[in-house]
Amino acid sequence: MKRNVCAVSFRWRAFSFFSAGEAEKGFFSRFPSSSSLQFHYTANGFQFSRMRSESGFANNIKNVDEAVSLFRDMLRTRPLPSVIEFNQLLDRLVKLKQYLLVISLYKDMCNSRIPVNEFIMTVVINSFCLVGRVEFGFSVLGVFFKCGHLPNVITFSTLLKGLFSQNRVGDAQELFKKIVNEKLCEPNEVMYSIVIDGLCKIGNTSTAIKILRFTESGRCKPNVISYSTIIDNLCKDRMHDEALAFFKEMVEKGIAPNVVTYSSLIHGLCNLGKREEAMKLFNEMLKFKISPNVVTFNILIDGLCKEGEIEEAELMVKIMIQRGEKPDAFTYGALMDGYCLQGRMEEARRVFDRMVSLSVDPSIQTYNIIINGYCKKRKIDAAMHLFREMPQKGLNPNTVTYNTILQGLLYVGRCVDAQELFNEMQNDGQKLDIYTHGIMLHGLTNNGHIDEALWLLTMIENNEQHLSISMYNIIIHGLCKLRKFDEARALFNSLFLKGLDLDKITFNTMITGLCSGGLLKEAKELLAKMGEIACYPNEVTYNIIVQGCLKGGEDANALMYLEEMDRRGFLLHASTFSNILDLLPSKANDHILLKAIQKLNPIEKPASS
DNA sequence: TTAGGGTTAG
């Protein structure tokens, strides 16, 4: 397809995010050619001529070595194999997830002056996107124009998908607008669903809905995928009524919901704890002959387990098998999680063994679930045994696994073992995350090892990695618990100097500490300070201060804060209420206090008698 | 059948 290439390529340069300089010189120098990659191949010279007689010859390629060998064979064949055959080979490699190899072979083709077409270049663009280098995808677009080809709706869709997957949402939106406004191609259902999905993934469901409405006005109408994507994300936002409205709308428009639509809705209902409604929908899909798949069953099984209905979940596994769906690591993971939640570790272990005996490979996550179960039951040796078994099964414990075990060790007070494992984790090059540090700080502090916790905090500060205010909150809480108020106060004050954003939890922790140390005046001053720095006190703050005042005998101040709570619409917590009740016998005549209590009473009033 | 699309675990 050759037409007015110059005009198009001139127009194309107007893309602000397409840095031609960066991209044009980029990928040829950065990506190796296949000959420099360590692949072994046998050059028998007949491989390709033998295989090409079979239909869909590339589908018979089983591994990378075979593909490279075949490719070399193809380069030597005369006359040259067709561009379609080269494309089939590259496409097979994409299916085998060998994206870097696709890029390398493409480079070899260009070097050998083998003609390429828009199909091959789109495969290469897709490969660049899938290795996280969408900018090089745009450089291939430059080759399109040089070769006299025009990018079409599939090329642009691939690039849009690449931009969204690399979180370049602004660039993706800009490109999409350009495609529409300048009519670079006619968007189709796939393009719309990529854009809708990309917007939903960053939580911008409302713009995604606008795109859906926009498509209604065009030639290409929204389809089941666009609707399902919107429905799924509304469910994730817990907006089930809105999701159901879209469901109803699509049915009325004659767009048939499929297994994904139903699975999303069922998932949404399960998350809201509406099990019966979820089952109703499940039966509805059966009635309409829409077969639930392994995902649908896993959603239901997981939902039942989280509700504590494990026996029903086990029954659902039987139904799933009867219907020809094979339970997978998710299924067994959900069951294990259910048993773990109830502390039924023997049954959880039996599910684990059942999974292994049925040749379902446990995933890292299934290990994490059962390890977490053992840790919660303080059965740390059993957890440790499974943890050490993982590498033998070819699974490397991830950050979550380490975090779980660390938490378990600290929970039972094994601080030295936790420290050792924490070191081991770092020596193994395992990534630490914000939870790792929180778990360590919390565990050390809780076990009275405040000095070690402070030392760790200094290390984290020096590395400036994952430093968050919650870490200071943990330490301040620990210092106050040990009645080290001076140190707690010093740390608290240092946060202002460090320029860290204090949150309500920091203030609430410090105010709790001050109240527990009888330092009421300081606690009240701190509460006043919250307003000054626009970190306004919340319901928790007021409950803390009221309790502090009552314990410190400052009833008048307690009353003042109670009135303040009433004005702000804050409720009494049960513990505060019980503190007030303790005081009542001596305050039976204090009408103002009684009135305040009546207003703030958190307990439902009995029906009028 | 020469290229691009949506769902489930701490």
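The sequence lines fix the lettering, A, B, ..., with proteins before strands; numbering per chain opens at 1.
A distance of 7.0 Å separates NZ of A:K326 from CG of A:L358, quoted to the nearest 0.5 Å. Rounding to the nearest 0.5 Å places OG of A:S363 at 7.0 Å from CZ of A:F330.
A sub-4.0 Å separation between OP1 or OP2 of B:dT2 and a side-chain N or O of A:K95 is absent. For the OP1/OP2 pair of B:dG4 and a distance below 4.0 Å, the side-chain nitrogens and oxygens of A:N126 include at least one atom meeting the criterion.
Side-chain atoms of A:S193 and base atoms of B:dG5 include a donor and an acceptor less than 3.5 Å apart. For a distance-only test at 3.5 Å, the side chain of A:N258 qualifies as a donor-acceptor partner of the base of B:dG6. For B:dA3, its base sits under 3.5 Å from the side chain of A:N152 at one donor and acceptor pair at least. At a cut-off of 3.5 angstrom, counting only N and O atoms as typed in the model, there is no donor on one side facing an acceptor on the other between the side-chain of A:S157 and the base of B:dA3. Counting atom types as modelled, A:T229 pairs no side-chain N or O with a base atom of B:dG6 as donor and acceptor under 3.5 Å.
A heavy atom lying under 4.0 Å from DNA chain B marks the following residues of residues 195-210 of chain A, by number: A:D197, A:K201. DNA chain B lies under 4.0 Å from no heavy atom of any residue of residues 274-283 of chain A.
Between B:dG10, B:dT8, B:dG4, one nucleotide has an atom nearer to the side chain of A:I369 than all others, and that is B:dG10. When the nucleotides B:dT7, B:dT2, B:dT8 are ranked by their closest atom to the side chain of A:F119, B:dT2 comes out on top. If you check B:dA3, B:dG5, B:dA9 against the side chain of A:F330, the one that comes closest is B:dA9. You'll find that the side chain of A:S363 is closest to B:dA9, out of B:dA3, B:dA9, B:dG4. Looking at the side chain of A:N117, the nearest of the listed nucleotides B:dT8, B:dG4, B:dT2 is B:dT2. Here the nucleotide nearest the side chain of A:V260, chosen from B:dA3, B:dG6, B:dG4, is B:dG6. With B:dG5, B:dT1, B:dT7 as the choices, the nucleotide that has an atom nearest any side-chain atom of A:N59 turns out to be B:dT1.
For A:R344 and A:E311, the salt-bridge test passes: some basic side-chain N is under 4.0 Å from an acidic carboxylate O. Under a 4.0 Å N-O distance rule, the pair A:K201/A:D232 does not qualify as a salt bridge. Taking 4.0 Å as the cut-off between side-chain N and carboxylate O, A:R219 and A:E186 count as a salt-bridged pair. Using a cut-off of 4.0 Å between Lys/Arg side-chain N and Asp/Glu carboxylate O, A:K253 and A:E216 are scored as salt-bridged.
The residue A:V295 sits close to a base: some heavy atom pair falls under 4.0 Å. A:E189 comes within contact range of at least one nucleobase, with a heavy-atom separation under 4.0 Å. A:Q365 comes within contact range of at least one nucleobase, with a heavy-atom separation under 4.0 Å. Residue contacts shown for A:D302 are absent, as no nucleic acid heavy atom lies under 4.0 Å away. Using a 4.0 Å heavy-atom criterion, one finds that A:S228 contacts the bases of the nucleic acid, with or without backbone contacts as well. As judged by a 4.0 angstrom heavy-atom cut-off over every strand, A:K376 is placed among residues making no nucleic acid contact. Heavy atoms of A:V259 sit nowhere under 4.0 angstrom from any nucleic acid atom. At a threshold of 4.0 angstrom between heavy atoms, the contacts of A:M121 with the nucleic acid are absent. At a threshold of 4.0 angstrom between heavy atoms, the contacts of A:S226 with the nucleic acid are absent.
The C1' atoms of B:dG6 and B:dG10 are separated by 25 Å, rounded to the nearest whole Å.
When rounded to the nearest whole Å, the span between CZ of A:F86 and P of B:dA3 equals 17 Å. Rounded to whole Å, the distance from CG on A:N298 to P on B:dT8 is 11 Å. In this structure, A:M109 places its CE atom 12 Å from C1' of B:dT2, rounding to the nearest Å. One can place CG of A:L304 at 14 Å from C1' of B:dT8, the figure rounded to the nearest angstrom.
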**OP:** Kindly indicate, with the supporting measurements, whether the criterion ring pair (Phe, Tyr, Trp, His ring centres under 6.0 Å) is fulfilled by A:F247 and A:Y262.
**Re:** CA-CA 9 Å; A:F247 181 75; A:Y262 271 103; 5.4 Å; yes
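Seen from the ring of A:Y411, A:R378 counts as a face-on cation partner, given the 6.0 Å and 45° thresholds.
Put simply, the side chain of A:Q342 gets close to the backbone of A:G308: a donor and an acceptor are under 3.5 Å apart. The closest donor-acceptor contact from the side chain of A:T77 to the backbone of A:L80 lies at 3.5 Å or more, if one exists at all. Distance alone, capped at 3.5 Å, is enough to place a donor-acceptor pair between the A:S468 side chain and the A:S470 backbone.
Counting non-hydrogen atoms of other residues, nucleotides and ligands closer than 6.0 Å to NZ of A:K221 gives a total above 12.
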